[in-house]
2 protein chains.
Amino acid sequence: MDKQHYLERLVLKLETHVPLPPAEREKLLQLPLTLKRLEANHDIVREGELTQQCCLVAEGLVCRYKIVGDGARQILSLHLPGDIPDIHSLLIERMDHCLGTLTPAVVGLIPHEAVRSLTRASYRVSEAFWRETLIEASIYREWMVGIGRRAAPSRIAHLLCEFITKMTAIGLSDGVICNLPLTQPEIADALGLSTVHMNKKLREIREARLVRIRVNRLTVLDWKGLCSLAEFDPDYLHLQPGAAKIKDD
Amino acid sequence: MDKQHYLERLVLKLETHVPLPPAEREKLLQLPLTLKRLEANHDIVREGELTQQCCLVAEGLVCRYKIVGDGARQILSLHLPGDIPDIHSLLIERMDHCLGTLTPAVVGLIPHEAVRSLTRASYRVSEAFWRETLIEASIYREWMVGIGRRAAPSRIAHLLCEFITKMTAIGLSDGVICNLPLTQPEIADALGLSTVHMNKKLREIREARLVRIRVNRLTVLDWKGLCSLAEFDPDYLHLQPGAAKIKDD
DNA sequence: CGGCACTTTGAGTGTTATCAAAATCTGTGG
DNA sequence: CCACAGATTTTGATAACACTCAAAGTGCCG
């Protein structure tokens, strides 16, 4: 429950592209954080709510999703520690989707006022947050391409590539093995597939010896092969140049 | 070719949520604009390019798209006059997608420097642009839900609802009739469908007397029915409250 | 009037969804 | 350590949806 540590992850992320002056970094590290421990599958904010605070993911995996008329769920994004998935609520108070945990998680609530006083005082801070939201939009675009124009196996491979790349970028994976705390229905909901179909195509990917998956543990056996199936090019993640390039064995 | 007029559309959009102080509005209206007349199906910026300027859509219809390995295109967003679809290039220079015209168009190129000096000088301007990018992200999310979880007829209806709503919001439609300068292959590429399938389902929508479509002209015959098929709720567009609510006949 | 792009149609195929049930795994308590 | 409940994964069969290919029809523009 180390607030400082959680905020450091945030600052690290914000400084990926442009370093911040020490004074501003310091103020970010002193943001007031109310930590909350949450169970898996717990909604953090729901569609339609008006918010006065945003939430830093401190531990666990958080997702953004919408439910359509017939009850189907579309997962729109996944959020790892260091993310503030609802930073947009600073400028658009009304939530047009839900935010919820996929695993047990710890989130830190930060009043809008506290963030706003920093972004308004410094264009560097403001641009750093803005840039993060732009990168998220870039990821949306890539997902849209996948859901709209790629076949199921490619989509699945793409999600695996993206996930381990992001985990590696924040130091939670070595690029070969990582924790994958997603159930198959959850992966299916992120990819716009049915659970059953997902399962069958994922099996094929495993049988092709591209990855091994056991008990929440993903092991990449053939990174090049996986990337090639996925047509994965990490540019859209806009990570620090070279930072998270995963090398093949 | 009235630069002032084009910039006014931009400012109008930026002020939808929070008015700008007169001084800042004035500076925006004096942004340097290099007008360019473009043919239909002309790329404005391509994936991989580094840009030093952004482009205001002055006239015509512009789209954002990506091409996947097998040559299929996914259209990611549509941009009407008043939009700056690549405003994100202020903070992320490298384009991770293409921007191109769908109709003959006029765009106004604005050097990054000119915009940056305004956003850095005023958090109100900065927040206005930031908010626009957040609204665009919200639209991405809605499209993702459609492509991932809605059946073809619903997706098509949704695109029609969104398009006429946006056209109405900028005064280019009365909410019943509007120009729809999209070919069926283009609509299909925006919805992740094949042209043929699109055509057949669109025909069903017309036969259900929800809309009439002839020669680039869309007429809504049954707005409620169309919205209901689409599950269209305009909240995600974050338009001025009440501004673009289209009433049923 | 012809050429070109776009739309429409039909037939056949392939992918993905749905439904239902079995198998496997996970964690807990005895 | 074993038994068991609950969740997750896997499987098979069938149906629905969407895609491809190919060709004909339509409308626009020069």
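Reminder, nothing fancy here: chain letters follow the sequence lines and each chain counts from 1.
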To the nearest Å, give me how far apart [atom1] ([X]) and [atom2] ([N]) are.
{"X": "B/Leu102", "N": "C/dA5", "atom1": "CG", "atom2": "C1'", "answer": "15 Å"}
{"X": "B/Arg217", "N": "D/dG27", "atom1": "CZ", "atom2": "C1'", "answer": "17 Å"}
{"X": "B/Asn41", "N": "C/dC4", "atom1": "CG", "atom2": "C1'", "answer": "14 Å"}
{"X": "A/Ile213", "N": "D/dT10", "atom1": "CD1", "atom2": "C1'", "answer": "14 Å"}
{"X": "A/Glu204", "N": "D/dT11", "atom1": "CD", "atom2": "P", "answer": "11 Å"}
{"X": "A/Leu191", "N": "C/dA17", "atom1": "CG", "atom2": "P", "answer": "10 Å"}

Donor-acceptor check, side chain of [X] to backbone of [Y], threshold 3.5 angstrom: yes or no?
{"X": "A/Thr219", "Y": "A/Ile177", "result": "no"}
{"X": "A/Thr101", "Y": "A/Val62", "result": "no"}
{"X": "B/Gln74", "Y": "B/Asp189", "result": "yes"}
{"X": "A/Gln184", "Y": "A/Thr195", "result": "no"}

Side-chain N or O of [X] less than 4.0 angstrom from OP1 or OP2 on [N]?
{"X": "B/Arg203", "N": "C/dT7", "value": "no"}
{"X": "B/Asn199", "N": "C/dT8", "value": "yes"}
{"X": "B/Arg214", "N": "D/dG27", "value": "no"}

### Stems where DNA chain C pairs, listed by first number, each of three or more Watson-Crick or G-U pairs under 3.5 Å
C:1-30 with D:1-30
Atom pairs under 3.5 Å: protein N/O with N/O of nucleotides 22-25 of chain C:
none

Salt bridge or not between [X] and [Y]? Use side-chain N to carboxylate O under 4.0 Å.
{"X": "B/Arg149", "Y": "A/Asp70", "value": "no"}
{"X": "A/Lys13", "Y": "A/Asp83", "value": "yes"}
{"X": "A/Arg203", "Y": "A/Glu207", "value": "yes"}

### Task
Go along nucleotides 15-24 of chain D 5' to 3' and tag each nucleotide: B for a protein heavy atom under 4.0 Å from its base, S when only backbone or sugar atoms are that close, - otherwise.
---BSBB---
#### Entry: Parallel, tilted or perpendicular, as decided by the 30° and 60° cut-offs, for the rings of B/His97 and B/His88
tilted
### Side-chain donor-acceptor contact under 3.5 Å, A/Tyr236 with A/Arg141
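No pair is found: no donor N or O on one side chain lies under 3.5 Å from an acceptor on the other.
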#### Entry: Polar side chain donor-acceptor pair, A/His79 to A/Ser77, under 3.5 angstrom
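Present: a donor and an acceptor within the cut-off.
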### Query
Between A/Leu76 and B/Tyr140, is any pair of side-chain heavy atoms under 4.5 Å apart?
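A/Leu76 vs B/Tyr140: side chains apart.
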### Summary
With the side chain defined as heavy atoms from C-beta on, A/Gln184 is closest, among D/dT9, C/dT7, D/dT11, to D/dT9
